[in-house]
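A quick write-up on the structure given underneath.
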Amino acid sequence: MTLTLAARRQRRRSAAVGLAYLAPALLFYCLLLLVPFLRSVYLSFTSWDGISPKQWVGLDNYRSIVESEQYRAAFLHAFVLIGFYAVLTMAVALLLVGIIGSSRVRGLVVLRTALFLPYVLTPVVTGVAWRWLLAPDGPVNALLRAVGLGGLARAWLADFTWALPSVGLIGTWMLLGFALVLLIAGVQRIPTELYESARIDGAGAVREFLAVTLPGIRNEVTVVTVLSVTAALRNFDLIYVTTQGGPGSATEVPSFLVYQQAFFVGNLGVAAAMGVLLTVLILVLSIVILRPWRKG
Amino acid sequence: MPRTRLRRFISLPAAALMVATLAITACSSGSQDAGSGDGKTLVVQNGLGGSPGLLAIYQKLNEQFESENPGVSIDFVTKSFDELASTSKLQLSGSNPPDLTQVNRGYQALGAFAKGNLLTDLAGYAEQYGWADRQTASQLQLNRHTTDGKVMGEGPLWGMSATTAWIGLLMNTEIAQKLGITSEPKTIQELEAQMQLAKAAGEIPLQFGSANGELAAWLLSELLLAQGGPEAVQNLVFHKGGATFTSPTAAWAATTMKSWGDRGFFPPDWTAYKTDQVIANFTSGKGLFSLTSSRFMPLKGTPEQTAKFTMVFFPSVSGQGLAAVGAGDIPWTIPAKSRNKDLAAKYIDFVTSDKAAEQFLARGAIPSKPPANAQAAIEAANLPAPSRDALTNGLKLVGEGTPVPYVDWGAPELYPTISSSFDKLMSGSLSVDAFLGQLQDAYGPFVTSLES
């Protein structure tokens, strides 16, 4: 359908008006996000201690990151955390949504608030609380011992095998409620006629879930996935408060190493390069997640 | 419609007020630790957030300084050590640093600041106030750094430490008596034998924790000292004598640490504990020994409760010599852009004076320059037993013995590397050679880069 000249002019005007409304926010975005990011990209090609003149080193910082076993392991740990923060959270949330289904949930307002709370708490508070809960003589181990599972009790956050999964599970705890609230809201919006017609066609609970529920909450699933993946890659506060990268380097993640390099070792070029790599990773993953859903 | 008009009437001024308020708060939220430059308020920044005992002493000292200098008021800004260490660089290179601040030492801190001309050379003030006579050359040495940032321990004097802390062993004399131990260990062999006795009797031989890497770095430093003497540590820190982490001394230190872990001398789940928890565990009565710094004095508890604890020297292999890891506390420096340099220097002179030294002693801290009648002052202070021992032994160390710096000062990456590699060594995922190799990788290239 081709547009008349007047229609085209009108469209351009509304676009200009729209841009004008966006301008203040765009300004903040550029000043506080884009400009520092571009500066970081520039820094990542230099060797700088924060005070002396910068020295151009080209791709040396990136090379040292890629060649370093410690840094590669950190990115691996970040992917493990994605498994917990995003995959596990989504799996449990979808299971629960499948069980609850489209039935009316009583006391949704109170439930929503309670479920959302872990997501709203700052990670520092979450980290301190969970550090206490998972302490060698803390409540979790006490509970295990009380029910006769004392053999399973250990220093969760200080165990070489269990530290990273423990941090991952804390992340799942943080994000599960948030995922549930969004997914339930999405399910509530699916017209009941679709469920009725599915039932008429002889669909069981599982078929109903796959054919009606899942496609219906597609957008919510995308939002939750993108946010939980970025949360997994960005998490610095939780690591800093619970394990500080330990034991050994079992829970080192890129964001923590950026902090360490920048503020304690004084290697700002390497820190900037890590930051850029992390940003690129988040961008790529976000695009990958958003693409298939965009088509629909 | 009247309602809409009213709403618009109210909403426009309300919006304008909001914007104005935002603008005003944005402008007036200037940094609270900026120097004022009017000669009447001295902004003094410290990193003693984790040392409430020292903070209390400084409050008293500040009051005395203010009464001796009428018209001057001190704005004492307290930060935790981590916060100070991570924000100093930005502060000092900014336009409004504090008039006076403590800074962390090391190539990446004091060294970088010296290289960047961010601090004031204290030579003039040192001569004016006679600081060279007040502290020994080896005490002043740790606050020197060449202006190219390459050599620690030489070059201009950038700061003065008012107090000293040293690393030693806490000992529970009650448990010791139960085990038939009559005196503190004089050699490493004796220490291991005593720890073995404790283990056999079901006590925790050595309270320990590696959750924040600090105790691992201390243990490594003390063991290097125990086997190789002061030069072993000093050469590593000051980059002398071609010292490396792959030497036989280092190998002995690493093997010993590993053996202590294997023999069960550390508490179970020791990877979970940070330093303050370790000390708390020890003072709750668990453990025959614990590593400690004198800056943790006074220990928590009443004098009666802590009477069974004492602080002694970590023994050496030979049992000879009087040395321990110890250094002045983070030094007081004057930023290059400070606007109250003379007053700041006067403050430094005040906190390093004999009068201040007596105050530090009276409350259990070790002054860098002990007063003439130190022993009498300690007795008069009526301190709890472990504080008294920490003081007496500390003064002995400073007076007759050799304090050595912390080995992780040798290179910026050493501390995080020791932190992460120590656990791997103890769990067996790194062999002793691999562990030493990682330390050397964090150390060697840095030393080479400075020599060029």
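Atom set for the values below is all heavy atoms of this structure, side chains included, hydrogens, waters and symmetry mates excluded. So you know, we letter chains A, B, ... as the sequences are listed, proteins then strands, and number each from 1. The structure presented is a predicted model; accordingly, all values stated were derived computationally and were not measured.
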Do you know the tightest heavy-atom contact between [X] and [Y]?
X	Y	result
B:K274	A:V241	NZ-O, 4.4 Å
B:P416	A:V265	CG-CG2, 4.2 Å
B:D82	A:Y240	OD2-OH, 3.5 Å
A:R131	B:A211	NH2-CB, 4.5 Å
B:A112	A:I51	O-CD1, 3.5 Å

Counting heavy atoms not belonging to [X], are there more than 12 under 6.0 Å from its [atom1]?
X	atom1	value
A:R72	CZ	yes
A:W173	CH2	yes
A:Y29	OH	no
B:E83	CD	yes

Given heavy-atom pairs under 4.5 angstrom as the criterion, report whether the side chain, backbone, both or neither of [X] touches chain A.
X	answer
B:L118	side chain
B:F113	both
B:K115	side chain

What distance do [X] atom [atom1] and [Y] atom [atom2] have between them, rounded to the nearest 0.5 Å?
X	Y	atom1	atom2	result
A:Q261	B:E413	CD	CD	5.0 Å
B:D269	A:R154	CG	CZ	9.5 Å
A:Q70	B:S420	CD	OG	6.0 Å
B:S86	A:Q260	OG	CD	12.5 Å

message: Is there a side-chain contact between A:D49 and B:K89 in this structure, where contact means two heavy atoms from C-beta onward sitting under 4.5 Å apart?
response: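 With C-beta onward as the side chain, the pair touches.
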
- request: Spell out, as yes or no, whether a donor-acceptor pair under 3.5 Å connects the side chain of B:K424 to the backbone of A:P247.
  value: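 No; zero donor-acceptor contacts below 3.5 Å.
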
message: Any side-chain to backbone donor/acceptor pair from B:T271 onto A:A158? Under 3.5 Å, distance only.
response: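 Such a contact is found between B:T271 side chain and A:A158 backbone.
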
query: With only heavy atoms counted, which part of A:S52 is less than 4.5 Å from chain B, the side chain, the backbone, both or neither?
result: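 Just its side chain gets close to chain B.
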
query: Given that the side chain runs from C-beta out, which part of A:F160 has a heavy atom under 4.5 Å from chain B: side chain, backbone, both or neither?
result: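 Answer is side chain: those atoms of A:F160 sit under 4.5 Å from chain B.
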
- prompt: Using a cut-off of under 4.5 Å for heavy-atom pairs, which of A:G246, A:P136, A:A135 has the most such pairs with chain B?
  reply: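 Looking at each option in turn, the highest pair count goes to A:P136.
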
field: Closest-packed option against chain A by number of heavy-atom pairs under 4.5 Å, given B:A85, B:S93, B:A109, B:S427
entry: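 The option with the most such pairs is B:S427.
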
